[in-house]
> 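Just passing along the structure, written as structure tokens.
FYI, the numbering just counts along the sequence from 1.
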Amino acid sequence: MTLPPDIANAPFVPETVHKRDIFSETISGHLKGVPDFPVVLRRLDGVPFYARPLAWALARREIKGLRAVRGIEGAPLLIRVDRIGLLRSWTRATPLHLAKPTSADWYRDAKRLLREMRRAGVTHNDIAKPQNWLMTPDGRAAVIDFQLASVHRRRGRLFRVMAREDLRHLLKQKRAYAPDLLTPAEHAMLAQKALLTRIWMATAKPAYNFITRRLMNWSDGEGTEDRIARDGPALRAALMAHPQIADVALATYALPAKGVGLYAFVETPLNTTAVAALAPAPRPELIQTVPALPRGPDGDVREDALHLIAANRLDELQLLMDADPGLAATLRPIVAARLNLTDRSR
């Protein structure tokens, strides 16, 4: 990927907020005058003062990693860094958990990408997450999110171990989506976690989970508690009794650290404060008033789309809207005003 000429200092035009946590805000958009070159801004100027040292430490790690992988096909392109944050290219591709590649070609290209990163002295260290792997429209592999990446001056034992773990984590994706393609040697590698990984799992990972899930509001799972069945009937009855409320749709989402939140989408001209005053206890964690709920041709509410909004799963929402422009027109204002901006389930 190459940077279009004369745009390195062009103003950033924001379009969609993807997530917001204590350490940054991630916003996609484009550069002014270049609408066909999508970019993403990791914004840091709004970080609370107590979180700034760690936020910028993670950002510097990402900056160093992106500079080291510049020119590698499938890696993001760092455009600029300033007091606002860091701006990089946006990769037009489908996350692995949606693409679910079954072709050997994608896995060969993913190995090629890891080899080129290794030659540059870079280990990613966070590609156990399928969200950080992508499949481009032409079937190539790409990778994002270099916040935990390491750039190694020496190719010593630590570098070799971390590079091996990157490969092992790629094989975990292969096992999940194309297990029939695994070779005996790959099965053997999957069965052997590095000593460093075992130590990490036993010692440092609990602290990492506390920071990411409690402080950064990353979610640890979707949960299984049926809040809709338990709290939904009374909530719906109370709200629908008001003459200015046309309809109510409920969805659940993973709360930070643990548990299940209830998200109410209310079709009404009333504001959120007025609707919240009508809701019986236990109230939904989030109430979003909307001008119109999304509906299918049969008139039924598109609960599948609302569940994606509640869970902040923008990649899947985009696929849904691309396939149905009529639905997209109703969804866009709801997506733009959504209330859950935490990172999706990890």
> Measure across M117 and V143 and return the closest heavy-atom pair with its distance rounded to 0.1 Å.
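That would be SD-CG1, 4.2 Å.
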
> Taking the six-membered ring for Trp and the full ring for Phe, Tyr or His, determine whether the centres of H124 and F146 are under 6.0 Å apart.
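H124 vs F146: aromatic centres under 6.0 Å.
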
> Could you tell me whether the side chain of D145 reaches within less than 4.5 Å of the side chain of K129, counting heavy atoms only?
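Counting from C-beta outward, K129 and D145 never come under 4.5 Å.
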
> To the nearest 0.5 Å, what is the distance between CG on L286 and CZ on R283?
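So the gap between those two atoms works out to 14.0 Å.
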
> Taking the side chain as every heavy atom from C-beta outward, state whether L317 and R313 have any pair of such atoms under 4.5 Å apart.
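A side-chain contact under 4.5 Å is absent here.
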
> Does one hydrophobic cluster hold both L319 and M321, with members joined at side-chain heavy-atom distances below 4.5 Å?
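No, because L319 and M321 fall into different hydrophobic clusters, even though each may have its own neighbours under 4.5 Å.
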
> Could you give the distance from CG (L113) to CZ (R118), rounded to the nearest 0.5 Å?
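Between atom CG of L113 and atom CZ of R118 there are 11.0 Å.
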
> In Å, rounded to the nearest 0.5 Å, how long is the span from CZ of F12 to NE2 of H30?
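Between atom CZ of F12 and atom NE2 of H30 there are 9.0 Å.
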
> With a 4.5 Å limit on heavy-atom distance, are the side chains of T252 and L262 in contact?
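The answer is yes, as the side chains (C-beta and beyond) meet within the 4.5 Å cut-off.
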
> To the nearest 0.5 Å, how far apart are CG in L171 and CD in E165?
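Spacing of CG (L171) from CD (E165) equals 10.5 Å.
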
> Using 0.5 Å steps for rounding, measure from the CD atom of Q173 to the NE2 atom of H97.
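Going from the CD atom of Q173 to the NE2 atom of H97 covers 11.0 Å.
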
> State, to 0.1 Å, how close L114 and L167 come at their nearest heavy-atom pair, and which atoms those are.
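Taking every non-hydrogen atom into account, CD1-CA, 3.8 Å.
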
> Between A249 and V301, what is the shortest heavy-atom contact and its length?
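Nearest pair, atom of A249 first, then V301: CB-CG1, 4.1 Å.
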
> Using modelled atom types and a 3.5 Å cut-off, is there a donor and acceptor pairing between side-chain atoms of R227 and backbone atoms of V260?
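It does hold such a pair.
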
> Quick one: does L306's side chain get under 4.5 Å of L293's, heavy atoms only?
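Yes, close enough: below the 4.5 Å cut-off.
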
> If the test is side chain to side chain contact (heavy atoms under 4.5 Å, CB included), which one of I79, V81, I63, L66 qualifies with R88?
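One option only clears the test, and that one is L66.
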
> Does some side-chain heavy atom of L96 sit less than 4.5 Å from a side-chain heavy atom of W106?
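When only atoms from C-beta onward are counted, L96 and W106 do touch, with a gap below 4.5 Å.
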
> Of R42, R67, Q147, which meets side-chain hydrogen bond (donor to acceptor under 3.5 Å, both in side chains) against E62?
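Only one of R42, R67, Q147 forms a side-chain hydrogen bond (donor to acceptor under 3.5 Å, both in side chains) with E62, namely R42.
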
> Please assess D166 against K111 for the test salt bridge (charged side-chain N to carboxylate O under 4.0 Å, His left out), listing each intermediate value before the final yes or no.
CA-CA 10 Å; D166 273 356; K111 285 185 177 181; over 6 Å; no

> Please check: side-chain N/O of T136 versus main-chain N/O of R140, any donor-acceptor pairing under 3.5 Å?
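Yes; judged by distance alone, with no hydrogens or angles, the pair exists.
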
> Is it true that a side-chain atom of R160 and a backbone atom of R155 form a donor plus acceptor pair closer than 3.5 Å?
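It does hold such a pair.
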
> Are the side chain of T123 and the backbone N or O of N125 linked by a donor-acceptor pair below 3.5 Å?
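Side chain of T123 to backbone of N125, a donor-acceptor pair under 3.5 Å: no, none is there.
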
> Membership question, hydrophobic clusters at under 4.5 Å side-chain separation (ILVMFWY): are F23 and I144 in the same one?
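No; F23 is not reachable from I144 via cluster members.
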
> Is there a continuous path of hydrophobic side-chain contacts, each under 4.5 Å between heavy atoms, that joins L314 to L98?
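Looking at the clustering, L98 is in a separate group from L314.
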
> Atom CG in L31, atom CZ in F37: separation rounded to 0.5 Å?
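Reported to 0.5 Å precision, the distance equals 7.0 Å.
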
> Do M240 and V266 sit in one hydrophobic cluster, given that two such residues count as connected whenever their side-chain heavy atoms are within less than 4.5 Å of each other, even indirectly?
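Both belong to a single hydrophobic cluster.
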
> Counting distance only, does the side-chain N/O of W133 pair as donor-acceptor with the main-chain N or O of I127 below 3.5 Å?
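Looks like yes, one N/O pair under 3.5 Å.
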
> Please confirm whether the backbone N or O of T289 pairs with a side-chain atom of E267, one donor and one acceptor, at under 3.5 Å?
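No.
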
> Just by modelled atom types, is the D45 backbone N or O under 3.5 Å from a matching donor or acceptor in the R83 side chain?
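Answer holds: no.
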
> Consider side-chain hydrogen bond (donor to acceptor under 3.5 Å, both in side chains). Of R43, H18, R20, K19, which one does E25 pass it with?
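Single side-chain hydrogen bond (donor to acceptor under 3.5 Å, both in side chains) partner of E25 among R43, H18, R20, K19: R20.
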
> Using a 4.5 Å cut-off on heavy atoms from C-beta on, say whether the side chain of T94 contacts that of D315.
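Not touching, per the 4.5 Å side-chain cut-off.
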
> Can any side-chain N or O of Y107 pair as donor or acceptor with the backbone N or O of P101 at less than 3.5 Å?
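Such a contact is found between Y107 side chain and P101 backbone.
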
> R154 versus F159: any side-chain heavy-atom pair under 4.5 Å?
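R154 vs F159: side chains apart.
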
> Are V13 and V17 linked, directly or through other ILVMFWY residues, by side chains that come within less than 4.5 angstrom of each other?
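In one cluster: no.
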
> Do T268 side-chain atoms and L270 backbone N/O form a donor-acceptor pair below 3.5 Å?
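Between the backbone of L270 and the side chain of T268 there is a qualifying donor-acceptor contact (under 3.5 Å).
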
> Can you find a pair of side-chain heavy atoms, one from E73 and one from R112, that are under 4.5 Å apart?
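Counting from C-beta outward, E73 and R112 do come under 4.5 Å.
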
> Would you give me the side-chain donor-acceptor pairs under 3.5 Å for residues 322-337, sequence neighbours excluded?
from, atom 1, to, atom 2, distance (Å)
D322, OD1, Q318, NE2, 2.8
D324, OD1, G326, N, 3.3
D324, OD1, L327, N, 3.1

> State whether the side chain of R175 and the backbone N or O of E186 hold a donor-acceptor pair below 3.5 Å, judged by distance alone.
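Between the backbone of E186 and the side chain of R175 there is no qualifying donor-acceptor contact (under 3.5 Å).
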
